[in-house]
Amino acid sequence: QVRLVESGGGLVQPGGSLRLSCAASGTIFRINVEGWSWYRQTPGKQRELVATLSGAGVRDYGDSVKGRFNFWGDNAKNIVYLQMNSLKPEDTAAYYCNAVGWHYSSSSSATRFDSWGQGTQVTVSS
């Protein structure tokens with residue numbers, strides 16, 4: 001019902017920057033996102049929580065990216081961005097966005113959703 005579309009991944013040298021985006025849409029017009037998250041996954045490793053953004057605008061970052069990454073969004077357009085600076089080889093991973101909230105089929109009818117993006121690959125290498 002609710003789809004998340006990611007973009008912005010690519011190849012970058014250590015110390016460089018990338019900006020990821022994630023946009024939510026649905027077959028029914030109105031979506032109310034209560035919380036956003038970015039995760040990253042490297043084969044053979046546990047999925048890591050990178051950052052979170054609440055509906056109230058409260059942001060939190062994982063220790064490995066704090067001070068280097070910035071997470072913000074436009075709730076009216078249901079789009080979020082992850083600005084990644086001072087990238088390191090250990091940041092190499094597939095990055096996935098997640099959104100939870102309510103998908104409205106009418107003004108008085110809503111369905112809870114928990115959706116994931118398709119993933120976008122970030123590779124940091126010299």
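In what follows, residues are counted from 1 in the order of the sequence shown.
- Residue N70 holds its CG atom at 10.0 Å from CG of L53, rounded to the nearest 0.5 Å.
- Residue V2 comes nearest to A24 through the heavy atom pair CG1-CB, 4.5 Å, listed as atom of the first residue, atom of the second, then distance.
- Side chains of T52 and D60: a donor-acceptor N/O pair is absent below 3.5 angstrom, by distance only.
- In this structure, OG in S115 is found 8.0 Å from CD1 in I31, a value given to the nearest 0.5 Å.
- For the atom pair CZ (R30) and OG (S107), the distance works out to 9.5 Å, reported to the nearest 0.5 Å.
- With values rounded to the nearest 0.5 angstrom, S25 atom OG is found 9.0 Å from N78 atom CG.
- A heavy-atom distance below 4.5 Å is not found between the side chains of V100 and V33.
- Annotation: cation-pi pair R47/W38 absent, no NZ/CZ under 6.0 Å from the ring centroid and within 45° of its normal.
- For R68, the salt bridge (Lys or Arg N to Asp or Glu O under 4.0 Å) partners at least two apart in sequence or on another chain are D91.
- Using modelled atom types, one finds no donor on one side chain facing an acceptor on the other under 3.5 Å when comparing T92 with T123.
- Counting only heavy atoms from C-beta outward, the side chains of Q83 and W72 approach each other to under 4.5 Å.
- No side-chain heavy atom of K88 sits less than 4.5 Å from a side-chain heavy atom of P14.
- A donor-acceptor contact closer than 3.5 angstrom is absent between the side chains of N32 and E34.
- Taking a cutoff of 4.0 Å between a charged side-chain nitrogen and a carboxylate oxygen, K45 and E90 do not qualify as a salt bridge.
- Across A99 and L4, no two heavy atoms sit closer than the pair N-CD1, 3.6 Å.
- The cationic atom of R59 (NZ for Lys, CZ for Arg) does not lie both less than 6.0 Å from the six-membered ring centre of F71 and within 45° of the ring axis.
- Y96 and V5 end up in different hydrophobic clusters when Ile, Leu, Val, Met, Phe, Trp and Tyr side chains are linked at under 4.5 Å.
- Proximity of a side-chain donor or acceptor of S54 to a complementary backbone N or O of G35 within less than 3.5 Å is not detected.
- Scanning all heavy atoms of the two residues, the minimum distance from S17 to N85 falls at OG-OD1, 2.9 Å.
- Under the 4.5 Å side-chain heavy-atom criterion for grouping Ile, Leu, Val, Met, Phe, Trp and Tyr, M84 is connected to V12 within one hydrophobic cluster.
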Could you go step by step and tell me if V65 and E48 meet the side chain to side chain contact (heavy atoms under 4.5 Å, CB included) rule? CA-CA 11 Å; V65 306; E48 178 185 14; 5.5 Å; no
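- The CD1 atom of I79 lies 4.5 Å from the OH atom of Y81; values are rounded to the nearest 0.5 Å.
- A93 approaches R40 most closely through the heavy-atom pair CB-CB, 3.7 Å.
- Under the 4.5 Å side-chain criterion, counting only non-hydrogen atoms from C-beta, Y61 is not in contact with L49.
- Under a hydrophobic-cluster definition in which Ile, Leu, Val, Met, Phe, Trp and Tyr are linked whenever side-chain heavy atoms come within less than 4.5 Å, directly or via other members, F69 and W36 are assigned to the same cluster.
- Inter-residue side-chain proximity for S109 and H103 is flagged as unmet; no heavy-atom pair is nearer than 4.5 Å.
- The one candidate from V50, V80, L82 that meets the side-chain contact (heavy atoms from CB on, under 4.5 Å) condition with L20 is L82.
- Distance check, rounded to the nearest 0.5 Å: CD of Q118 to CZ of R3 gives 9.0 Å.
- With E6 contributing its side chain and C97 its backbone, the two residues share a donor-acceptor pair below 3.5 Å.
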